[in-house]
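Notes follow the structure.
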Amino acid sequence: MNRSLDPVTLEVVRNAFPAIANEMAVDLQRTSYNMMIYEVRDFCTAIVDVDGRLVSQNVGGVSHFVSDLGVIVIDAVKRYGRDGFAPGDVLITNHQAVAGQHLNNIVVHVPWFFEDKLAFFAMVRAHWIDVGGSSTGFGGGPRVVDPWLEGLQLNQLKLYDAGTLNEPLHRMIEDNIRFPESSMGDLRGQIAACRLAARRLDELFGKYGSATVHAALERVFDETEAKCRAVVAGIADGVYEAETFFDHDTQKKDERLRLHARVTVRGEEMTIDLSGCPGERKAAINARTFAAAYVAYKALTAPLEPVNEGSFRALDVIIPEGNIMMARYPAPMASWSLIVPSVVDTIVAALAPAMRDRVPAAHHGLLGGSVVFFGRHPETGRNFVVQSIEGGGWGGRPGEDGESATVSVCQGDVRNAAIEGIELKCPVLVEQRALRTDSGGAGEFRGGLGIDMKVVNLVDGRWNFQGSLRQTAPPWGLWGGGEGGTHTYLLQEPGDSGFREMDMQGYAVPPKAEVVVRTGGGGGWGNPMNRDPDSVAADVSEGYVSPEAAERDYGVVLDAESLAVDGEATAALRRARRG
């Protein structure tokens with residue numbers, strides 16, 4: 001141990017690196033042009049060392065970005081060599097061969113040197129609204145056949161070389177995207193955030209020196225690992241398994257996809273094996289990521305602690321090459337994140353028997369209801385795109401109902417776009433954003449509710465609709481809890497007699513079309529007959545549960561006018577149900 005590493009210095013360093021990542025995030029939000037960044041917060045900021053070890057990541061960053069930054073640094077160092085970087089370099093990449101995600105997730109990373117030695121990379125991954133091809137919005141959707149159709153592929157390119165802008169590369173990117181003002185503004189914001197991190201690292205290392213800071217980091221990694229090991233040690237040794245299903249992959253609609261997780265606990269160590277998931281698909285629902293395993297493990301072991309390399313040292317992840325979660329380029333990955341939340345839920349569900357007092361029922365299991373409407377405004381002649389992510393319900397849990405209208409477990413602090421901002425910037429009218437009655441699974445602790453968001457487009461344009469692929473495997477309940485509702489899109493065009501379900505990318509609509517983005521709910525936890533009747537009555541009063549569902553699912557009889565609980569009728573009905 002370095003003699004200068006006293007407890008106070010250790011705590012300063014421990015908190016300094018997360019603070020740098022958090023300041024990067026604030027800087028990015030304040031300078032970005034894109035609602036997906038400054039409003040929705042679909043990004044992460046991080047410091048990664050030259051060996052690809054995660055040093056820090058911003059609080060509230062997108063959770064499923066946590067495992068795929070180190071591999072980018074390792075790939076860059078392999079490509080350029082440790083001596084192939086210089087102060088002033090700025091690299092840009094989104095290539096799926098390394099960290100397979102949709103191409104909209106652009107990574108900008110900047111090398112940082114101390115005393116002429118390469119030490120860290122400051123990194124920002126952020127969601128651009130367009131990268132050419134069919135990428136407008138959240139990517140081209142599951143029907144994209146290959147990466148070239150999806151959009152621009154940028155493979156560890158130096159946008160700045162020793163401080164000099166590569167102008168032809170900059171023009172090439174700018175000329176091949178539909179919203180250059182937005183995306184190039186976001187690019188400048190990403191670079192600014194990385195350069196801010198470099199200044200903060202200069203200050204930290206200048207004050208304490210390299211040896212002290214690195215010694216403190218190693219101690220932080222060790223202590224984080226020890227905390228996670230202590231939690232795993234409290235789980236009974238054994239092999240735990242769970243599965244869920246996708247109805248199909250959008251191309252082979254007669255083939256159900258099984259998502260399977262095997263979790264092995266031995267002492268302080270955990271192995272998460274996803275070999276039982278299907279092989280890579282022709283549909284663009286493939287990914288190349290450890291994210292599902294990392295997110296589940298972090299949620300189970302240290303959900304409130306800052307994340308760093310030590311968070312995952314005691315975890316072994318098994319995903320064979322060619323698996324849908326470890327697809328090989330050029331397998332299409334435009335909807336890479338579609339199944340990740342369901343895999344996280346499956347891993348967590350596997351451990352429910354061993355962690356009954358902690359594991360919730362399933363949440364809505366998708367990234368949420370994406371709101372994407374785009375076109376050219378007839379008055380201004382400018383392209384526009386509406387973007388938001390609408391949350392759904394989380395599962396009931398020991399002692400509490402599930403949260404409602406919340407994004408998936410993979411998304412950190414991602415949030416929906418403000419209605420005022422949507423309507424101010426784009427030619428649409430948001431008529432409703434409301435909780436869905438009866439969408440939460442019944443239980444002693446009820447599942448959280450999904451939402452209905454109703455949008456009317458005021459000009460012609462195109463909608464992206466991505467229907468649920470888990471209609472036959474809705475969010476499950478635990479210990480007798482009921483299933484949550486599933487996700488869908490509804491469309492009513494002018495002249496239609498009613499709404500119809502939709503599942504299509506880039507669907508052209510005339511003005512005054514009405515769309516309902518309907519998100520799923522969470523599963524219930526525990527027997528619904530054990531729920532306090534007064535809580536059921538309160539749910540009915542709030543519109544969370546209908547009077548019919550109160551009687552059908554909970555065995556609670558209410559007065560038709562006052563909604564007061566009929567105690568005798570309720571007791572009799574529940575006795576009959578239990579019998």
Side-chain angles (χ1 to χ4, degrees), residues 20-47 57-66 68-69 72 90-94 99 101-110 122-132 135-139 151-152 154 159 173-174 177-197 336-337 367-374 382-391 407-408 410-426 464:
I20 293 171
N22 290 334
E23 190 177 2
M24 291 171 68
V26 173
D27 195 54
L28 178 67
Q29 281 187 270
R30 290 173 61 88
T31 58
S32 63
Y33 284 56
N34 167 7
M35 287 180 68
M36 287 301 297
I37 298 175
Y38 68 74
E39 190 75 60
V40 176
R41 300 186 68 185
D42 191 353
F43 67 86
C44 74
T45 54
I47 306 296
Q57 182 173 322
N58 65 304
V59 174
V62 176
S63 306
H64 58 195
F65 288 169
V66 72
D68 300 320
L69 295 174
I72 290 174
V90 176
L91 289 88
I92 184 169
T93 190
N94 67 347
Q101 303 186 3
H102 63 182
L103 296 175
N104 299 67
N105 287 345
I106 299 288
V107 177
V108 169
H109 54 116
V110 171
M123 308 185 73
V124 177
R125 172 178 267 132
H127 181 116
W128 288 13
I129 59 176
D130 186 271
V131 287
S135 66
T136 301
F138 292 97
L152 280 175
L154 307 170
L159 187 65
I173 297 172
E174 186 174 21
I177 52 181
R178 296 176 182 87
F179 305 89
E181 179 181 338
S182 171
S183 294
M184 305 316 284
D186 294 340
L187 174 60
R188 292 192 295 271
Q190 289 175 268
I191 295 170
C194 290
R195 288 174 173 167
L196 169 66
W336 76 283
S337 56
L367 287 185
S370 61
V371 181
V372 179
F373 174 66
F374 57 96
R382 299 185 65 178
N383 292 338
F384 68 85
V385 57
V386 180
Q387 285 190 285
S388 182
I389 297 177
E390 301 302 314
V407 294
S408 89
C410 294
Q411 291 174 293
D413 280 348
V414 165
R415 55 198 182 195
N416 55 24
I419 291 174
E420 296 84 356
I422 292 173
E423 294 181 340
L424 178 67
K425 296 175 181 296
C426 301
N464 282 354

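Quick caveat, the model's predicted, so the values are computed rather than measured.
One distance of note links CG of Leu28 with CG of Asn34; it measures 9.5 Å at 0.5 Å rounding. Taken to the nearest 0.5 Å, the CG atom of Asn383 stands 11.5 Å off from the CD1 atom of Ile177. Atom CZ of Phe179 sits about 13.5 Å away from atom CH2 of Trp128, to the nearest 0.5 Å. In this structure, CG in Leu69 is found 5.0 Å from CZ in Arg125, a value given to the nearest 0.5 Å. In this structure, Phe374 CZ and Arg178 CZ are separated by 7.0 Å, a value rounded to the nearest 0.5 Å. For the atom pair NE2 of His109 and CD1 of Ile72, the computed distance is 6.5 Å after rounding to the nearest 0.5 Å.
Panel note: side chain Thr136, backbone Asp130; no donor-acceptor pair is recorded below 3.5 Å. With hydrogens and angles ignored, the 3.5 Å screen pairs a side-chain donor or acceptor of Asn22 with a backbone N or O of Val59. Looking only at distances, no side-chain donor or acceptor of Ser370 sits under 3.5 Å from a matching main-chain atom of Ile389. In this structure a side-chain-to-backbone donor-acceptor pair under 3.5 Å is present from Asn104 to Ser135.
The two residues Arg195 and Val90 make their nearest non-hydrogen contact at NH2-CG2, 4.0 Å. Looking at every heavy atom in both residues, Ile422 comes nearest to Ser388 through CD1-CB, 4.3 Å. The shortest non-hydrogen separation linking Ile47 to Ala197 is CD1-CB, 3.9 Å. Between Gly421 and Met35, the closest heavy-atom pair is C-CE, 4.2 Å. Taking every heavy atom of both residues into account, Gln101 and Trp336 meet most closely at CA-CG, 3.5 Å. Across Ala122 and Cys194, no two heavy atoms sit closer than the pair O-SG, 3.3 Å.
Here the side chains of Val40 and Gln387 are not in contact, with every heavy-atom distance at 4.5 Å or above. No side-chain heavy atom of Met24 sits less than 4.5 Å from a side-chain heavy atom of Phe43. The shortest side-chain heavy-atom distance between Asn58 and Cys44 falls under the 4.5 Å cut-off. In this structure, the side chains of Ile92 and Gln190 stay at 4.5 Å or more apart for every pair of heavy atoms.
Of the listed residues (Thr31, Asp186, Ile129, Asp42), just one forms a side-chain contact (heavy atoms from CB on, under 4.5 Å) with Ile37, and that residue is Asp186. Considering Asn105, Leu159, Val107 in turn, Val107 is the only one that fulfils the side-chain contact (heavy atoms from CB on, under 4.5 Å) rule with Thr93.
Phe373 has its ring centre less than 6.0 Å from the ring centre of Phe384.
No more than 12 heavy atoms of other residues, nucleotides or ligands lie within 6.0 Å of CD in Glu181, so this atom counts as exposed by the packing criterion.
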Worksheet item: Can you list the steps and then say if Ile106 with Leu187 is a side chain to side chain contact (heavy atoms under 4.5 Å, CB included)?
Response: CA-CA 9 Å; Ile106 299 288; Leu187 174 60; 5.6 Å; no

Fill in: side chain to side chain contact (heavy atoms under 4.5 Å, CB included) assessment of Arg41 paired with Gln411
CA-CA 9 Å; Arg41 300 186 68 185; Gln411 291 174 293; over 6 Å; no

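The existence of a salt bridge linking Glu39 and Lys425 is excluded, since no basic side-chain nitrogen approaches an acidic carboxylate oxygen closer than 4.0 Å.
Applying the salt bridge (charged side-chain N to carboxylate O under 4.0 Å, His left out) test to Arg415 and every residue at least two apart in sequence or in another chain returns nothing.
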